[in-house]
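The structure appears right after this line, and notes come after that.
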Amino acid sequence: QVQLVESGGRLVQAGDSLRLSCETSGFSFRRHVMGWFRQAPGKEREFVAAVDWAGGQTHYADSVKDRFTCFRDNAKNTAYLQMNGLKPEDTAVYFCAASYESNWAAMMISRVYAYWGQGTQVSVSS
């Protein structure tokens with residue numbers, strides 16, 4: 001059974017940092033690209049970041065570039081999203097997802113991700 005479980009979300013103040021974790025099981029973690037998406041109330045789900053199979057390549061949305069870092073530990077089957085300099089506009093439910101897609105250029109597209117977690121709430125107060 002495939003499972004992706006996010007954790008680490010909570011209420012913080014603007015400027016604070018958080019690290020989200022995505023613990024996975026039930027599939028070949030090291031063969032999947034790991035992505036992070038978020039959805040704010042009343043908005044569509046949007047791409048945040050992705051890390052490739054070995055952790056050597058990452059890609060970020062412009063809105064989080066230079067503030068967020070996406071990485072993974074293949075020995076622990078876990079992906080992470082380190083978020084620094086949080087802003088109120090970062091408030092959203094954050095989802096991790098796994099993709100077997102080999103086209104790295106497609107990693108911003110949610111439909112290429114086959115497996116999804118349930119999400120963790122991040123709230124940033126001003």
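Any value given below was found using the heavy atoms of this structure, including those in side chains, with hydrogens, waters and symmetry copies removed.
From D66, atom CG reaches atom CG of N84 across 11.0 Å, with rounding to the nearest 0.5 Å. Note that NE2 of H59 is 5.0 Å distant from CZ of F47, once rounded to the nearest 0.5 Å. Put simply, OG on S125 and CG on L86 are 10.5 Å apart, with the number rounded to the nearest 0.5 Å. One finds the CD atom of Q118 at 10.0 Å from the CD atom of Q3 (value rounded to the nearest 0.5 Å). Here S21 contributes atom OG and R72 contributes atom CZ; the two are 14.0 Å apart, rounded to the nearest 0.5 Å. Taking OG1 of T120 as the start and CD of E6 as the end, the distance is 7.0 Å to the nearest 0.5 Å.
Tracing side-chain contacts under 4.5 Å through hydrophobic residues (I, L, V, M, F, W, Y), one reaches Y94 starting from V12; they form part of the same cluster. Cluster membership for M108 and F68, using ILVMFWY side-chain heavy atoms within less than 4.5 angstrom, is not shared. Note on V122: it clusters hydrophobically with L81, by side-chain heavy-atom contacts below 4.5 Å among ILVMFWY residues. Y113 and I109 fall within a single hydrophobic cluster, where Ile, Leu, Val, Met, Phe, Trp and Tyr side chains are chained together by heavy-atom contacts under 4.5 Å. The hydrophobic clustering, which links ILVMFWY residues whose side-chain heavy atoms are closer than 4.5 Å, places Y80 and V51 apart.
A donor-acceptor pair is defined here as one N or O able to donate and one able to accept, closer than 3.5 Å; such a pair exists between the side chain of D52 and the backbone of Q57. Under a 3.5 Å cut-off, the side chain of Y60 and the backbone N or O of R67 do not form any donor-acceptor pair.
Listed here is the closest heavy atom pair of L20 and G9: CD2-N, 3.5 Å. Counting all heavy atoms, side chain and backbone alike, A14 lies closest to P88 at CB-CD, 4.2 Å. Annotation for M34 and A98: closest pair SD-CB, 3.6 Å, computed over non-hydrogen atoms. Closest of all the heavy-atom pairs between M107 and V112 is CE-CG2, 4.1 Å. What you find for A79 and W36 is that their closest heavy atoms are O-CZ2, 3.8 Å. Summarising the geometry of K65 relative to D62, their closest heavy-atom pair is NZ-OD1, 3.1 Å, with the distance given to 0.1 Å.
Under the 30°/60° scheme for interplanar angles, the aromatic rings of Y100 and H32 are found to be tilted. Aromatic ring orientation, F37 versus W116: tilted (interplanar angle from 30° to 60°).
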Report task. Kindly indicate, with the supporting measurements, whether the criterion side-chain contact (heavy atoms from CB on, under 4.5 Å) is fulfilled by E23 and S25. Result -> CA-CA 7 Å; E23 297 183 27; S25 61; over 6 Å; no
Query raised in the report: Does the side-chain contact (heavy atoms from CB on, under 4.5 Å) test come out yes or no for V33 and W53, once each step is laid out?
Result: CA-CA 5 Å; V33 168; W53 309 264; 3.4 Å; yes
Report task. Begin with the C-alpha distance, continue with both residues' side-chain angles, and end with the deciding distance and a verdict on side-chain contact (heavy atoms from CB on, under 4.5 Å) for R38 and S63. Result -> CA-CA 12 Å; R38 67 186 182 186; S63 59; 3.5 Å; yes
Requested in this report: Evaluate side-chain contact (heavy atoms from CB on, under 4.5 Å) for C22 paired with T24, printing each intermediate quantity in order.
Outcome: CA-CA 6 Å; C22 174; T24 76; 3.9 Å; yes
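Side-chain N/O atoms of Q121 and S123 include a donor and acceptor closer than 3.5 Å.
Using a 4.0 Å cut-off between charged side-chain N and carboxylate O, D90 and K87 make no salt bridge.
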